[in-house]
Number of protein chains: 2
Amino acid sequence: MPRSTARPSSSARGERTRSAIIRAAATVFARHGYRGGPLAAVATEAAMTQPGVLHHFASKEDLLMAVLEQRDREGTRRLNESSWADGGGAALDALHDLVAHNGTTPELVQMFTVLVGESVAADHPARAFFTDRYETLRFRTTRAVQRGQDSGEFRADADAATLAALVLAVMDGLQIQWLLDPELDMATRFAVFVDMMKRFLAPPA
Amino acid sequence: MPRSTARPSSSARGERTRSAIIRAAATVFARHGYRGGPLAAVATEAAMTQPGVLHHFASKEDLLMAVLEQRDREGTRRLNESSWADGGGAALDALHDLVAHNGTTPELVQMFTVLVGESVAADHPARAFFTDRYETLRFRTTRAVQRGQDSGEFRADADAATLAALVLAVMDGLQIQWLLDPELDMATRFAVFVDMMKRFLAPPA
DNA sequence: GTCTATAGTTCGATAGAC
DNA sequence: GTCTATCGAACTATAGAC
């Protein structure tokens with residue numbers, strides 16, 4: 001592995017170009033969707049020509065998958081650095097922090113909302129990605145609720161999997177409404193939902 | 001106005017053709033989205049040629065708007081025939097019935113989910129339609145919650161507008177997850193949310 | 001009112017020079 | 001590694017016969 005003081009190797013420079021293209025593609029896909037966003041627009045955004053983009057990615061579809069995986073990793077990293085892993089009410093608070101942060105990154109939110117909508121169509125290249133993503137998110141959120149039940153913070157007789165699906169649903173649904181009308185504050189509304197769920201899960205006195 | 005026993009007038013036959021095209025377009029847009037669904041596919045689905053479709057609609061965009069308004073009217077009619085207008089818990093139960101019914105019409109649900117995702121992009125022709133639609137739905141749902149507060153069924157110190165936004169968010173979010181994984185039952189999960197919200201809104205004993 | 005034919009674009013991908 | 005040039009496909013919309 002090259003030391004940070006060394007002149008960047010050819011492949012390291014290549015990685016930087018790839019990153020710039022991924023950033024540009026995220027912007028274009030957020031604004032116009034995958035089908036509606038031409039490679040030429042990605043190229044312009046990355047200060048290149050369209051064949052230049054395809055020198056770094058075999059196809060537009062390849063670029064799409066690279067964008068999705070990159071942005072997904074960034075979002076996941078954020079959660080992992082929070083109190084998410086503690087489970088229970090702390091995990092719900094961590095999700096609230098995430099929603100508040102998302103409110104400062106409309107482009108990222110819009111990209112995922114546009115692409116998940118497109119990908120619901122059976123033949124969309126990102127369909128499998130999103131199916132997997134939701135399965136993983138539901139699994140992890142279910143575990144966070146269960147952790148709260150195991151510790152006695154939450155009632156044990158609630159269906160953790162259903163509640164996990166509801167949490168993710170609220171996040172997605174609020175994003176849609178926020179993107180259509182930016183006046184709407186996601187974090188404030190999500191806080192009410194978290195409050196509602198905590199009361200619902202409070203063990204009987 | 002022609003009597004029902006009369007031979008259908010030319011314009012009545014024209015209306016039937018328009019309806020058939022709208023039905024065909026709804027199928028195609030649900031499967032591939034607006035941008036991804038060619039007029040030729042709509043034509044095939046309606047057993048016509050592509051210029052035949054454009055004889056009845058000035059442009060693809062015109063057809064899209066006709067599809068949206070038609071399908072929206074159908075959905076709204078269903079709600080109006082339920083206990084929705086009573087407000088309060090009865091209105092929430094009416095929404096649950098709607099969610100259960102939606103579970104039997106995946107094509108309709110998919111069409112709206114795909115199109116709302118696409119339309120979040122600023123330049124999409126359906127953007128204004130969906131912005132208005134959510135504003136209207138939020139307004140009507142807010143009123144339903146307030147009606148419950150006025151009657152004393154619900155606590156008066158809850159923010160009806162926020163709760164309305166949450167209800168719509170859950171519906172949309174569950175639809176996304178259901179379309180990506182049809183194993184997930186929307187109605188069962190929505191019922192848990194309704195239960196949670198009713199407890200949250202129960203007046204203090 | 002529906003057809004065939006086609007104009008006029010736009011786009012993804014490839015070829016090949018530098 | 002980036003460019004210019006271009007191919008070939010797909011799509012909306014129009015023209016005009018029947």
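Order of the sequence lines fixes the chain letters, A, B, ..., with proteins taken first and strands second; residue numbering starts at 1 for each chain. If you're wondering where the values come from, they're calculated on a predicted model, not measured in any experiment.
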Tell me: [atom1] of [X] to [atom2] of [N], nearest whole Å?
| X | N | atom1 | atom2 | value |
| --- | --- | --- | --- | --- |
| F29(B) | dT12(D) | CZ | P | 9 Å |
| H56(A) | dA13(C) | NE2 | P | 16 Å |
| M48(B) | dG1(C) | CE | P | 10 Å |
| H32(B) | dA10(D) | NE2 | C1' | 14 Å |
| E61(B) | dA13(D) | CD | P | 9 Å |
| D62(A) | dA13(C) | CG | P | 9 Å |
| F57(A) | dA13(C) | CZ | P | 13 Å |
| Q50(A) | dA15(C) | CD | C1' | 13 Å |

Can you identify which nucleotide, out of [options], has its nearest atom closest to the [X] side chain?
| X | options | answer |
| --- | --- | --- |
| K60(A) | dA5(C), dA13(C), dT12(D) | dA13(C) |
| L39(B) | dT2(C), dA5(C), dT12(D) | dT12(D) |
| P51(A) | dT14(D), dG12(C), dC3(D) | dC3(D) |

(Q) Could you check whether any side-chain heavy atom of D172(A) comes within less than 4.5 Å of a side-chain heavy atom of Y134(A), counting everything from C-beta outward? (A)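 Yes, close enough: below the 4.5 Å cut-off.
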
Q) Would you say a side-chain N or O of H55(A) is under 4.0 Å from OP1 or OP2 of dG1(D)? A)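 Checking H55(A) against dG1(D): at least one side-chain N or O falls below 4.0 Å of OP1 or OP2.
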
Q: Using only side-chain N and O atoms of T49(B), determine if any of them is under 4.0 Å from OP1 or OP2 of dC3(C).
A: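 Checking dC3(C) against T49(B), a side-chain N or O does come within under 4.0 Å of OP1 or OP2.
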
Q.
Are more than 12 heavy atoms, taken from residues, nucleotides or ligands other than E74(A), located less than 6.0 Å from that residue's CD atom?
A.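 Enclosed: over 12 neighbouring heavy atoms sit under 6.0 Å from CD of E74(A).
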
Q. Is it true that atom CZ of R147(B) has more than 12 heavy atoms of other residues, nucleotides or ligands lying nearer than 6.0 Å?
A. yes

Q | Test of ring centre spacing under 6.0 Å for H124(A) and Y34(A) | A | yes

Q. Hey, does the side chain of T104(B) reach the backbone of A100(B) with a donor-acceptor pair shorter than 3.5 angstrom?
A. no

Q) Base, sugar-phosphate, or nothing for L54(B), non-hydrogen atoms under 4.0 angstrom? A) base

